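Read through the structure below, which is laid out as structure tokens, and then see the notes.
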Amino acid sequence: MRLMCLDDDPRIEAVLGRFLKRFGHAVDFHVSIASFKAALESDLPELVLLDLGLGRENGIDVIHWLAETHPGIPVVLLSGHGDDLLDTARRIARSTGIEVLGAVSKSRMVKDLPAILERGVKAAAQRPHQDPQAGAGITRQDLEWQIRSGGIVAYFQPIVSPADGRLRGAEVLARLRLPSGQILGAGEFIPLAESSGLIYEVTETLFERLIESRETLAASGLTFIAVNLSPLILQQERALVLVRRLVDGLGGICAVKIEMTESAASAYPDILRSVAAQIHLMGVSLAIDDFGIGYSSMRAVAELPFDTLKIDLSFVSEMFDSPKALKLLRAMISFGQTLELQVVAEGVETEAQRRLLIEAGVDFAQGYLFGKPMTAELLASNFSVPKTDANSEPGSKPDRDPEPEAEPSRAPDEPTGRIIGGEIGRTIMVVDDDQRMLHAIARMVTAWGYRCETFTDARTALQVCEETAPAVLIVDIYMPELDGFEVIKRMRQIAPSTRIIAVSGDVVRGHHTNVLDMCRVLGADAILQKPIAPERLEATLERLIGGPDQSASGGAPVASGRSPGPRRVEDPQSDDRAEVS
């Protein structure tokens with residue numbers, strides 16, 4: 001990737017130059033805004049690294065200049081002034097339309113930049129070509145004709161239980177099918193419908209399409225659909241007629257939830273109070289959409305009978321950008337829970353986001369991780385899964401691949417690691433540079449009926465995992481050469497079915513939140529504090545994989561008569577015990 005860096009500190013060039021070249025990136029450095037602007041006029045990079053503090057000038061001015069002259073160039077923001085300033089600058093840049101791939105404190109630059117640049121490379125490769133004329137030239141007459149001729153169609157984005165992926169509901173999204181077959185998103189024709197006075201007709205037609213799909217929707221197993229009503233419709237008494245028609249038309253199939261944005265609720269408070277109350281009396285639930293992006297969200301929740309809070313996708317997408325963003329997200333979830341509202345997280349796109357949202361306690365989630373907007377037929381096809389066994393649920397998606405069948409054990413004298421416990425049960429791999437920790441954990445897990453492999457070298461352990469994935473990996477976070485964070489990241493790529501337990505003494509040495517968040521982001525299933533309490537380790541193993549597989553011993557109770565083992569796994573660096581999972 002071709003990068004251009006603007007930073008008035010010449011030391012940054014020495015640090016980043018060598019560092020980025022190791023990853024195959026070409027970097028052009030500039031210490032002045034004038035030279036940076038001149039260079040951009042002759043050669044556009046694929047990414048700009050922008051320092052916010054530039055002496056008498058600052059990066060905020062550069063952001064606005066980029067938005068006017070080169071809005072298509074993605075940016076990574078750098079600063080030594082703390083996360084709060086980075087958060088503000090990122091929001092400023094995004095408000096101007098600039099794509100911000102990341103905001104990095106200079107103290108964490110070497111650690112955080114590689115992952116951001118890797119995402120940038122993947123995003124550039126996957127970014128589809130956009131037709132700038134898509135949707136252009138549609139007139140009021142065109143839209144009116146499309147409404148009459150059946151051009152308005154309904155798409156559905158799944159709303160699921162994040163823990164198991166089971167379909168709970170779907171948000172209805174209006175689409176316009178052109179005579180050419182091209183499908184336009186709502187943003188490409190709804191503004192025209194609102195400005196031309198056709199929004200009621202569009203909504204009425206959309207609701208009729210929903211009612212026509214009632215049998216297909218029933219096959220998907222959803223319990224509710226959520227529909228957005230334009231503020232222009234909510235101002236009209238006819239809105240109640242529309243909602244009543246939809247409720248009656250979908251009776252016996254699913255419930256109806258009406259979503260209204262916080263901006264609409266605050267713009268027309270008197271009218272909406274009456275409309276919302278009457279809609280609620282019909283048995284329709286109300287959701288406040290895009291919660292958190294306006295300035296009157298609290299007032300809207302207080303004045304209107306909402307029972308669902310939908311957290312805006314911008315907060316979900318930024319949850320790992322900074323500790324402040326994550327704290328805001330947790331606070332909004334806690335706010336909804338305190339008011340006994342159902343909490344829905346929008347824009348969930350990654351497994352790491354899903355894991356954190358489950359831990360934070362959201363009720364529902366929607367986003368590309370669970371499915372893009374689709375037709376009713378595809379919704380039913382993707383989520384109406386026959387119950388072929390006791391563990392099958394309609395719409396469920398397994399978090400991991402099934403456990404691999406048992407592989408032949410390695411000879412104890414192989415140089416890759418030490419095997420303890422023969423073929424007794426499922427394999428537990430332990431990676432720790434402390435031999436005492438390895439031996440203590442091995443004694444415990446083999447006494448409980450597991451087979452154990454131990455490694456002091458993380459690289460060798462990863463090589464073994466590429467051939468035979470263990471059921472569980474127990475890995476120390478802080479090791480020389482290759483730390484536990486990197487091991488977790490690589491394991492998620494080479495052995496996605498393996499459950500991972502991270503262990504660290506830093507959970508009580510002032511780094512609790514950082515260790516937890518990083519481990520969860522990378523994909524750890526549980527985090528245990530050193531010294532490890534045996535009862536906590538045993539309970540964690542049973543929770544993750546259901547205990548040892550005893551089929552190899554003919555069903556005999558392998559753990560019976562187990563030796564008590566050590567009372568705990570000793571770590572000379574800490575005297576306290578705790579578990580966070």
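The shown structure was predicted, so the numbers you read here are calculated from the model rather than taken from an experiment. Keep in mind that the numbers below use all heavy atoms, side chains included, and drop hydrogens, waters and symmetry copies.
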- Query: Between Asp476 and Lys530, is there a side-chain N and carboxylate O pair less than 4.0 Å apart?
  - Reply: yes
Are [X] and [Y] close enough that some pair of their side-chain heavy atoms sits under 4.5 Å apart?
X: Thr308; Y: Glu259; result: no
X: Leu167; Y: Ser220; result: yes
X: Val431; Y: Met479; result: yes
X: Val316; Y: Met319; result: yes
X: Pro534; Y: Trp448; result: yes
X: Met437; Y: Val430; result: no
X: Leu309; Y: Ile311; result: yes
X: Leu3; Y: Val76; result: no

For [X], check salt bridge (Lys or Arg N to Asp or Glu O under 4.0 Å) against everything at least two apart and list the hits.
X: Arg330; value: Glu359, Asp517
X: Asp51; value: Lys106
X: Arg168; value: none
X: Glu486; value: Arg490

Practice item. Sort out for me which residue in Val445, Thr427, Ile428 forms a side-chain contact (heavy atoms from CB on, under 4.5 Å) with Arg451. Key: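 Result for side-chain contact (heavy atoms from CB on, under 4.5 Å) with Arg451: Thr427.
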Measure the spacing between [atom1] of [X] and [atom2] of [Y] and express it to the nearest 0.5 Å.
X: Glu171; Y: Asp289; atom1: CD; atom2: CG; value: 6.0 Å
X: Met429; Y: Leu462; atom1: CE; atom2: CG; value: 8.5 Å
X: Leu77; Y: Asp87; atom1: CG; atom2: CG; value: 10.5 Å
X: Ile477; Y: Asp432; atom1: CD1; atom2: CG; value: 10.5 Å
X: Leu78; Y: Leu113; atom1: CG; atom2: CG; value: 6.5 Å
X: Thr468; Y: Glu453; atom1: OG1; atom2: CD; value: 7.5 Å

Applying side-chain contact (heavy atoms from CB on, under 4.5 Å) to Ile474 and Leu537, what does each step give before you reach the verdict?
CA-CA 10 Å; Ile474 301 175; Leu537 176 58; 4.0 Å; yes
What's the verdict on side-chain contact (heavy atoms from CB on, under 4.5 Å) for Thr540 and Arg543, showing C-alpha distance, side-chain angles and the deciding distance?
CA-CA 5 Å; Thr540 301; Arg543 175 173 62 84; 3.9 Å; yes
*Can you name the residues that form a ring-ring contact (aromatic ring centres under 6.0 Å, His included) with Phe156, not counting sequence neighbours?*
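Phe156 satisfies ring-ring contact (aromatic ring centres under 6.0 Å, His included) with no residue once adjacent residues are dropped.
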**All ring-ring contact (aromatic ring centres under 6.0 Å, His included) counterparts of Tyr155, not counting sequence neighbours** =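 ring-ring contact (aromatic ring centres under 6.0 Å, His included) list for Tyr155, sorted by chain: empty.
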Donor-acceptor pair, [X] side chain versus [Y] backbone, under 3.5 Å?
X: Thr446; Y: Arg443; value: yes
X: Arg492; Y: Thr498; value: yes
X: Asp525; Y: Ile500; value: yes
X: Arg426; Y: Ile545; value: yes

Minimum heavy-atom separation for [X] and [Y], please, with both atom names.
X: Ser105; Y: Leu86; result: N-CD1, 3.5 Å
X: Gly347; Y: Leu313; result: CA-CB, 3.7 Å
X: Phe383; Y: Gly165; result: CE2-O, 4.0 Å
X: Gln157; Y: Gly371; result: NE2-O, 3.3 Å
X: Ala170; Y: Leu222; result: CB-CD2, 4.0 Å
X: Leu173; Y: Pro373; result: CD1-CG, 3.5 Å

For [X], check side-chain contact (heavy atoms from CB on, under 4.5 Å) against everything at least two apart and list the hits.
X: Thr456; answer: Gln435, Leu438
X: Leu85; answer: Leu52, Ser79, His81
X: Thr350; answer: Ala352, Gln353

Point to revise | Parallel, tilted or perpendicular, as decided by the 30° and 60° cut-offs, for the rings of Phe364 and Phe224 | key: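 Phe224 vs Phe364 ring planes: tilted.
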task = Please assess Arg436 against Asp434 for the test salt bridge (Lys or Arg N to Asp or Glu O under 4.0 Å), listing each intermediate value before the final yes or no.
result = CA-CA 5 Å; Arg436 293 173 298 174; Asp434 186 337; 3.5 Å; yes
* To do: Evaluate side-chain contact (heavy atoms from CB on, under 4.5 Å) for Val503 paired with Ile441, printing each intermediate quantity in order.
  => CA-CA 12 Å; Val503 295; Ile441 295 177; 5.7 Å; no
For residues 337-344, which side-chain donor-acceptor pairs fall under 3.5 Å, sequence neighbours excluded?
| unit_1 | atom_1 | unit_2 | atom_2 | d |
| --- | --- | --- | --- | --- |
| Gln337 | NE2 | Ala360 | O | 3.4 |
| Gln337 | NE2 | Gly361 | O | 3.0 |
| Thr338 | OG1 | Ser334 | O | 2.8 |

*asked:* Would Arg536 and Gln529 count as a side-chain contact (heavy atoms from CB on, under 4.5 Å) here? Give the steps.
replied: CA-CA 10 Å; Arg536 295 192 183 278; Gln529 179 206 314; over 6 Å; no
